[in-house]
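Just so it is clear, the model here is predicted, and its values are computed rather than measured.
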Amino acid sequence: MEAIAESPTAKDWHALPATAAFEALGVGEGGLDEAEAARRLETHGANRMPPARKRRPIVRFLLQFHNTLIYVLLAAAAITAALQHWVDMAVILGVVVLNALIGFIQEGKAERALEAIRQLLLIQSAVRRGGRVMRVDAAELVPGDVVLLQAGDKVPADLRLFQARELQIDESLLTGESVPVAKATREAARDAVLGDRTSMGYSGTLVTRGQGAGVVVATGPASELGRINALLRAVPTLTTPLLRQMAAFGRWLTGAILAVTSATFAFGLLARDYSATEMFLAAVGLAVAAIPEGLPAIMTITLAVGVQRMAARRAIIRRLPAVETLGAVTTICSDKTGTLTRNEMTVQAVVTATAEYSVSGAGYDPHGDFQLGEERIGSDNHAELQELARAAVLCNDARLLQREAGWAVDGDPMEGALLTLGAKAGLEHDRALEQWPRTDVIPFDSEHRLMATLHHDHAGHGFVYVKGAPERLLGLCNHERAQGEDRPLRAQHWRDALERLAGDGQRMLAVAAKPMTGQTRELSFTELEGGLSLIGLVGLSDPPRQEAVDSVARCRAAGIRVKMITGDHTATALAIAGRLGIGDDARALSGHALDEMDDEALRAAVLDVDVFARASPEHKLRLVQALQSHGQVVAMTGDGVNDAPALRRADVGVAMGCKGTDVAREAAEMVLTDDNFASITAAVEEGRTVYDNLRKAILFILPTNGGEAMLLVTAILLGLPLPITPVQILWVNMITAVTLALALAFEPTERGIMERPPRDPAAALLSRHLVWRIVFVSLILVAGTFFLFERALADGADLAAARTIAVNTLIMFEVFYLFNSRYLAAPVLSPAGLLGNRWVLVAIAVLLAFQLAFTYAPPMQQLFDSRALAPGEWLQVVAVASSVLFLVEAEKWWLRTRSGRPGAAAEGR
Ligand code: ATP
C-alpha cells in the first residue's frame with residue numbers, strides 16, 4: 001500500500017504476477033469495501049485527468065486582438081495618434097478594447113457551457129466492491145478497485161489484469177498502433193515497452209473484444225494516459241471549418257479594404273483638394289467603417305448557442321464541426337431496436353414442433369397465460385413449452401425488477417421478456433440457476449447472433465442452451481424436440497412459421513439445446529457445430545416509438561431519406577418499417593444479399609432501398625461508403641464496438657448514450673442521451689438553425705459596414721464634407737454589434753425549416769442572392785443617410801447637427817433592418833415576425849437608450865461632436881429609416897414569387 005501511495009507509477013506492475021499485485025494493493029478478487037474505497041479516494045484523489053491547461057485570462061484577452069481586422073484598427077489608431085487627433089485615437093482604442101472584452105466574456109461563457117455539456121458524457125465502470133458488482137462513476141475509482149471489462153468499454157484506469165477471455169484492447173491512443181492487442185494475465189517481461197505489456201489495461205484505451213477483469217494500479221494523473229496528457233494537453237478550440245472559412249474571408253476583406261482605402265486616399269489627395277491630414281483621417285475612417293469588428297465574436301457565440309440548444313434536446317455534440325454538417329444531412333441511417341422502436345419487448349408467440357401458443361399479458365409483468373388456439377392451457381403438460389421456457393430463463397443475463405412504477409428490466413430488454421415468459425410458465429430465474437448452475441457462457445454478439453450457456457444439474461449431467469437468430473440456429477440444428485424426443489429437423493416447417501410471425505412484425509428468436517458430458521466445463525463454437533436440437537421459436541413484439549413515426553415524417557418533408565439498418569429478420573424489418581413510414585415499396589436487402597454484391601452493384605442499389613435486414617456492422621460501413629459516393633451527407637447511428645468504423649466514416653456518427661458502448665461514443669460526433677431517433681431529427685433542425693443564424697448575422701452586419709464605407713467613398717468622390725466622422729462610425733459599429741447583431745445569435749428556429757431540402761454542403765455560405773441583398777441594403781442605407789444629411793445642410797443646419805442626423809439615421813436603419821434579418825426569405829411583417837425574439841426587443845431598447853445619450857448627453861456631445869435633435873427631425877429620421885423594412889420585404893416577396901419554390905425561397909437562395 002505504501003508503495004503505491006508514494007509512487008504509483010514506479011512499480012513494474014506488468015511484470016508482477018497478478019497475486020503479487022493484489023498483495024501489494026492490499027485487496028482480493030472480491031474488491032475493496034466501500035469504506036476503504038472512500039478512504040483511498042481521499043488519499044489518491046479522483047480518477048480524473050487534470051483539466052486541459054486553461055489559457056490564462058490575460059492571454060485569452062490578448063488573443064482577442066490577434067485578428068487581421070483588429071490589426072488594421074490598431075494601425076488606424078497609431079495614425080490618428082501620429083496626427084495628434086487624440087479623441088479619434090481614444091475612441092478607436094476604446095472600440096477595440098470593448099470588442100475584445102465582449103469576445104473575451106462571451107467566449108469564456110461559451111467554453112464553460114461546452115465544458116458543462118462534456119461533463120454529461122462521463123463514463124461509468126463496473127467494479128466489484130465488497131464482493132458485489134456495481135456501477136460507479138469512473139472518477140471514483142481508486143487503486144485496489146477490481147474493475148470488470150467487456151467489449152465496448154473504455155478502460156477507466158490503469159489495471160493489472162487477472163482475468164482475460166479473448167480480451168483485446170485498442171491502445172492506439174497510447175502507442176499509435178491501430179491493431180488491437182491481445183491481452184493475457186501472465187506477467188510480461190520487466191523491460192517490455194508499453195505496447196508489449198499484455199498483462200495491463202491502460203486508462204483511456206478501448207476494449208474491442210472479449211471480457212476481462214483487472215485491479216486498478218494507477219488512477220488519474222498517475223496513469224500512463226495522465227503522464228502523456230501532461231505532455232500534450234491540448235487547449236480546446238472553439239472553431240469549425242465554416243468559422244475558419246470566415247476567418248479567411250476576413251483576411252481577404254482586410255486586403256480589399258486596404259486597397260480601396262489607399263485608392264480613395266490617393267484620389268482625394270490628387271484629384272480633390274483635401275489636405276493630407278484630412279485624407280489620412282478619412283482613410284482611417286473608411287478602414288474603420290468597412291471592418292466588421294464584431295463578426296468573429298458573433299459567429300462563435302451563434303455556434304455555442306446551437307450546441308447548447310442541441311444538448312437541451314438530448315443530442316450532445318462531441319465535435320463542433322458536426323453542428324454545421326448536421327444541417328446538411330441528406331440521409332439518416334438508423335438502427336431499429338431501441339432507436340426507432342421502444343425496446344420494450346413482450347413475448348407474444350411460442351412455436352414448438354407440435355404446437356403454436358399465444359402468450360397473454362403486458363410488458364414485463366410476469367402474469368399471463370398461454371393459449372392454444374382459443375383455449376387457455378397450463379404449461380405443465382406441455383414438455384417443449386416447459387423446456388423452451390427453461391432455456392429462455394437460463395440462457396439469459398437480464399434481471400427483472402419490481403419497481404413502484406411497475407416491472408422493469410436490468411439488462412437486455414429482449415432477455416427481460418424471456419424472463420417474464422419463464423415466470424408465466426412457473427420458472428423463477430434465481431431458483432432455476434440454483435438448480436442448473438451455469439458453468440460457462442458464449443455471450444451474444446451481433447456477428448454470430450447467438451448466445452450459449454453451459455449448465456450442469458446436481459446429478460452431474462451437462463447441457464448447453466443456445467438462443468439466437470432463427471436462420472442462424474436452423475443452420476446449426478439437425479434435430480428438433482417433439483414429445484421429449486429428438487427427431488430429424490423439418491427445416492421447411494420452421495421457416496414457414498418464421499416467415500409468418502416475422503411478417504407480422506414480430507422479432508424472432510430460436511431456442512435450441514444439446515446434451516454434454518458432465519466433464520465439459522468450457523464452451524466453444526465448435527461444440528455448437530453439430531448435434532443441436534431445436535426446441536422452438538419465440539416471437540416478440542417491440543412497437544415503434546410514436547415520436548419516431550412523427551420524426552420519420554418530418555425527415556421526409558425535410559428532404560432527408562431515412563434508412564433502417566437492423567440485425568432483425570427481413571420480414572420483421574419490413575413490417576416495422578411499414579409502420580414507421582420508412583421506404584415506399586416493400587423492398588429490403590438482407591446482409592446476405594449485400595455480401596453477394598460488389599461495390600458497384602451496391603452503389604446502384606443503395607439509393608432506392610431503405611430497409612436493410614440481418615445486417616451486421618460491417619455492412620453499415622459499406623452502406624455509408626456507397627451513399628457517400630453519391631454525394632449524400634450521411635448520419636449513421638450505432639452502439640456496438642463493431643459500429644465504430646461506420647460511425648467514424650459517416651459525416652455525422654451518432655452514438656447511443658444509454659445502451660451504447662464507450663467505443664461507439666468515442667467514434668461518434670454526437671451522442672444521444674435518450675437513444676431516440678426523434679433526437680436526431682431535433683439535432684438536424686438545430687443544425688439548420690445554426691447555419692441560418694450564422695448567415696443572418698453576416699447578412700445583418702456586412703451592409704452596415706458596406707453602407708458606411710460607401711457613404712465615405714461617395715462623399716470623397718464628390719468632394720463633399722463627410723456625413724459622418726470616423727469616431728462616429730466607430731460608435732455606430734460598436735453599439736450595433738454589441739446589441740443588435742448579438743440578438744440574432746439567439747434567433748429561434750424559423751418556421752418551415754424542416755420543409756426545405758437539405759443545404760448543398762458545397763454551396764457558398766452566401767449565395768449570389770444574399771450578396772445582392774448586402775449590396776441592396778448598403779445602397780438603401782447610403783441613399784437615405786445622404787438624403788437627410790444634405791437636406792439638413794440645405795435647411796441651414798450646421799455640420800455637427802447634420803452629422804448627428806446622419807448617425808441617427810444609420811442607427812435607425814439598422815434597427816429596422818434587424819427585423820428584416822430575422823428571416824432570410826420569409827415575411828416578417830406579422831406579430832411573430834416583429835415580436836418573436838425577446839432578445840431583439842431588448843437589444844433595440846438598449847440601443848435606443850445609448851442613442852439618446854449620444855444625442856443629448858453633454859459629455860457624449862463633446863466626445864462625438866453631436867447635437868440635440870428636435871422631435872420633427874427624429875420623425876424624419878424614423879420615416880426615412882423605416883423604408884428599409886418595406887423595401888427588403890418587397891424584395892423578399894419578389895424573390896418568393898419569382899422562384900415559385902417555397903423551399904428555395906425560404907432558404908434565401
Ligand atoms: P438493430 O441493429 O436495429 O438494433 P437488432 O437489435 O435487432 O437490430 P441484433 O441485436 O444484432 O440486431 O440482433 C439480431 C438478432 O439476433 C435478433 O433478431 C435476435 O434474433 C438475435 N438476438 C438479439 N439479441 C440476442 C441475445 N441477447 N441472445 C440471443 N440472440 C439474440
Check your understanding: Taking only residues two or more places apart in sequence or in another chain, which ones pass side chain to side chain contact (heavy atoms under 4.5 Å, CB included) with A184?
Key -> none
Review point. Applying the side-chain contact (heavy atoms from CB on, under 4.5 Å) test to M508, which of V538, V351, L537 qualifies?
Key: L537
Check your understanding: Is R449 salt-bridged to E471, going by a charged N under 4.0 Å from an acidic O?
Key -> no
Review point. Would you call D440-R165 a salt bridge at under 4.0 Å N-O?
Key: yes
Practice item. Go through the structure and list residues passing side chain to side chain contact (heavy atoms under 4.5 Å, CB included) with H461, not counting sequence neighbours. Key: D457, A459
Check your understanding: Going through the distances and angles, do R342 and D542 end up as a side chain to side chain contact (heavy atoms under 4.5 Å, CB included)?
Key -> CA-CA 6 Å; R342 285 198 227 150; D542 177 18; 4.3 Å; yes
Check your understanding: What class does the angle between the rings of Y357 and F370 fall in, given that below 30° is parallel, 30 to 60° is tilted and above 60° is perpendicular?
Key -> perpendicular
Practice item. Please determine, by modelled atom types, if E527 and S524 share a side-chain donor-acceptor pair under 3.5 angstrom. Key: yes
Revision key, fill the gap. Looking only at heavy atoms, the pair that brings L32 and D145 closest together is CD1-N, 3.7 Å
Exercise for review: Report the C-alpha separation of R507 and T337 in whole Å, then their side-chain angles, then the decisive distance to 0.1 Å, and conclude whether the side chain to side chain donor-acceptor pair (under 3.5 Å) test is met.
Suggested key: CA-CA 10 Å; R507 185 173 165 84; T337 310; 3.2 Å; yes
Point to revise | Salt-bridge contact R209-E447 (side-chain N to carboxylate O under 4.0 Å) | key: no
Practice item. Determine the minimum heavy-atom distance between Y364 and A408, stating which atoms define it. Key: CD1-CA, 4.5 Å
Revision key, fill the gap. Applying side chain to side chain contact (heavy atoms under 4.5 Å, CB included) to D486 and not counting sequence neighbours gives H479, R481, S533
**Study point:** Basic-acidic side-chain contact under 4.0 Å: R40, E36
**Key:** yes
Check your understanding: Counting only N and O atoms by type, is there a donor-acceptor contact under 3.5 Å from the side chain of H429 to the main-chain atoms of A423?
Key -> no
Practice item. Answer yes when D397 and R438 have at least one side-chain N-carboxylate O distance shorter than 4.0 Å, and no when they do not. Key: yes
Check your understanding: Does a side-chain N-to-carboxylate-O contact under 4.0 Å join E171 and R197?
Key -> no
Exercise for review: For H382 and S379, test the side chains for any donor-to-acceptor distance below 3.5 angstrom and give the result as yes or no.
Suggested key: no
